Each structure stands twice: as C-alpha cells, then as structure tokens.
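To keep things clear, I will list the structure first and then write my remarks on it.
Quick note: numbers below take in every heavy atom, side chains included, and nothing from hydrogens, waters or symmetry partners. Small disclaimer: the values here were computed from a predicted structure and weren't measured.
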Amino acid sequence: MLVHVLGSAAGGGFPQWNCACLNCRGVRNGTIQATARTQSSVAVQGAEGSWFLIHASPDIRAQLAALPALHPRTLRDTPLAGLLLTNGDLDQTLGLFSLREGQPLHLYATDSVRRAVRDGNVFSRAFDRMPGHVTWHELKLDVSQPLLGGDGRPSLWATALAVPGKVPLYLESIATPQPDMNIALLIRDPANGRTLGYAPCVGAHDPAVDRLLGEADCLFFDGTFWAEDELPVQGLGRKTARDMAHWPVGGPNGSLAALEKARARRKILIHLNNSNPLLRDDTAERREVEAAGVDVAYDGMEVEL
C-alpha cells in the first residue's frame with residue numbers, strides 16, 4: 001500500500017487567506033522556515049493498483065493535478081476507484097462538488113456524514129446528472145468492509161472507528177450528535193496484511209483511539225493544535241483545542257505521549273492548523289516531536305507500507 005499526502009493543513013490551508021498570524025505572515029514573506037500546505041487529504045493505492053482518496057478538500061483540483069498517477073489515462077477517465085470521508089466538515093467535503101463532470105464516483109461514508117452532505121443541500125443535485133453518477137457505500141462502525149477497485153473487486157479493507165469529535169459547525173443548531181459523525185479509519189491491504197491508521201480529527205483519548213494506536217502499522221494522527229490555548233494566546237479566537245474537538249499534541253496531557261507508545265513504524269501528524277508551531281522547521285516543538293519518533297506531514301510526502 002502506498003500513501004501519498006495530497007494536503008497536510010487543517011481547514012483554510014497554510015497560509016490561510018484571511019490570516020496574518022506569525023506563521024501565515026512569515027511563510028508569505030519568507031521570514032520563517034516553513035512550507036505552504038493545502039488542506040488535508042491523502043491518496044492511498046492498493047497493491048493491485050487502485051487509488052482511493054481520504055477527504056475531498058476544497059483544494060482537490062490542484063491536488064489531483066500535482067500527482068501524475070491520478071491524471072486521466074484516456075479521453076474521459078480517472079484512476080480513482082473511490083473517496084472516503086471521515087466527517088462532514090467543509091474542509092473534508094467541499095471538493096466533492098469539483099468532481100461533478102459526469103465521472104462515476106464511489107463514495108464511502110457513515111450514514112450521518114452522507115446525510116450531512118446530501119440532506120437539504122441543493123448543491124448535491126450536481127451528483128444526479130446521470131444514473132449511477134454517485135454510488136454511496138455506508139461505512140458501518142467497527143465492521144471491516146471492502147473498498148472496491150476499478151475492476152469492481154475488493155482492493156483494500158476499511159474499518160470505521162467512532163472517535164471523539166463534534167457536529168460540523170454548519171449543523172450545530174439543527175443536528176443531534178451521533179457516534180458516526182466523526183470517525184477514524186483502519187485500512188488494511190490484504191496483499192501483505194499491513195494496516196494504515198488515519199485519524200485527522202480526534203477530540204480526546206478513548207478506547208477506539210487505543211485500538212487505532214495498537215493496530216496501525218503506519219498512523220496519520222490529529223496534529224491540528226500544539227497547545228490547548230493556542231488560539232486564545234495568539235489572539236485568533238476564544239475557543240480552545242478541545243472546544244473544537246481536537247486533542248492537542250503538546251503539554252502534560254497531550255497526544256504526543258500516547259503516539260510515542262503506539263506500535264506503528266511510522267507516526268505522522270496531519271491536519272495542522274495555521275497557528276501551530278509545528279509548521280515551522282526550526283521550533284522547539286518540532287524538535288520535541290521528532291525526538292519522540294513522530295513526523296510532521298507535508299504535501300507530497302509518501303509512505304509505503
């Protein structure tokens with residue numbers, strides 16, 4: 001299994017279009033050691049050659065263009081066999097509507113996420129241009145399910161785990177929280193038995209997170225915030241990391257200690273917010289995570305399992 005990071009930043013990307021924090025200002029004018037990043041998404045290729053995207057970010061067109069393996073092979077074509085969604089947040093779903101040109105799509109999501117994308121959303125009619133334009137496959141919690149390759153046969157196997165999260169902002173006043181609104185994924189390649197763990201949005205430590213830490217051979221994990229009070233301290237908002245359903249990496253109760261003990265050979269932080277000091281190559285925070293054997297994702301990064 002090959003994992004290619006298409007985007008590694010949280011919602012808004014890095015730099016964020018309306019932000020002049022130290023990081024965003026610095027990467028624009030070249031005064032900090034940092035690299036611009038698009039919004040988080042990874043492409044996963046099974047041993048038999050089929051590709052799957054996890055997330056459909058607003059940057060999806062540029063991300064697909066940047067990876068030749070995902071370019072059309074014939075006049076109207078895509079190597080993509082399917083797309084997986086881990087929640088209904090806009091930075092994970094808006095890119096779907098950029099894939100409306102009549103190419104049949106297979107979408108894998110929990111029932112709550114599918115309803116978040118479709119119900120009451122007039123834009124979802126863009127997926128009804130022809131019979132079979134979009135085929136939804138429900139991801140059921142704690143069940144190993146096949147991801148179908150381009151030939152219609154199982155390519156990889158995915159298990160959805162309900163991890164602590166929150167209702168998407170646009171649904172907060174109209175939707176009741178459900179366990180399947182925010183998931184992590186375990187994706188197994190039957191060719192060699194190795195398993196990818198993908199969990200970009202994790203609000204706290206719980207038994208499902210322990211399973212993820214114990215089973216994944218390679219783990220991409222929530223790196224959104226370094227500190228609990230990161231946004232208030234920088235004057236970027238009042239909400240803490242946990243208010244936004246993200247387990248901060250640093251501090252005495254941060255995720256780094258748990259990640260350090262995880263069984264995975266590769267442990268990688270993804271979905272980094274523009275305020276995070278881990279975006280800079282030369283910070284004490286970056287040195288701390290690297291000393292713990294944890295990497296920071298960047299656009300274009302590849303990992304082979």
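Using a 4.0 Å cut-off between charged nitrogen and carboxylate oxygen, Arg114 and Asp180 do not count as a salt-bridge pair. A salt bridge links Arg115 with Asp111: the distance from a Lys NZ or Arg NE/NH1/NH2 to an Asp or Glu carboxylate oxygen falls below 4.0 Å. The pair Lys166-Glu172 meets the salt-bridge criterion, since a charged nitrogen lies less than 4.0 angstrom from a carboxylate oxygen.
Not counting sequence neighbours, Arg61 has no partner by the salt bridge (Lys or Arg N to Asp or Glu O under 4.0 Å) test. Not a single side chain to side chain donor-acceptor pair (under 3.5 Å) links Gln45 to another residue, sequence neighbours left out. In this structure Asp217 satisfies the salt bridge (Lys or Arg N to Asp or Glu O under 4.0 Å) test together with Arg263, sequence neighbours excluded.
Sparse packing is recorded around CZ of Phe123, with 12 or fewer heavy atoms of other residues, nucleotides or ligands lying under 6.0 Å away.
Judged purely by atom type and a 3.5 angstrom limit, Tyr198 has no side-chain atom pairing as donor or acceptor with the backbone of Ile187.
When hydrophobic residues (I, L, V, M, F, W, Y) are linked wherever their side-chain heavy atoms come within less than 4.5 Å, the members clustered with Phe225 are Leu231, Leu236, Met244.
The distance from the CG atom of Asn274 to the CD atom of Gln16 is 4.5 Å, given to the nearest 0.5 Å. Atom-to-atom distance recorded for Asp229:CG and Gln234:CD is 9.5 Å, nearest 0.5 angstrom. For the atom pair CG of Leu80 and CZ of Phe52, the computed distance is 9.5 Å after rounding to the nearest 0.5 Å.
Applying the ring pair (Phe, Tyr, Trp, His ring centres under 6.0 Å) test to every pair with at least one member in residues 271-292, sequence neighbours left out, gives these pairs: His246-His271. Residue pairs satisfying the side chain to side chain donor-acceptor pair (under 3.5 Å) criterion with at least one member in residues 65-76, sequence neighbours excluded, are listed as follows: Arg73-Asp77.
A continuous path of hydrophobic side-chain contacts links Val117 to Leu99 [ILVMFWY only; heavy atoms under 4.5 Å].
A side chain to side chain contact (heavy atoms under 4.5 Å, CB included) with Leu269 holds for exactly one of Asp295, Asp222, Leu219, Leu259; it is Leu259.
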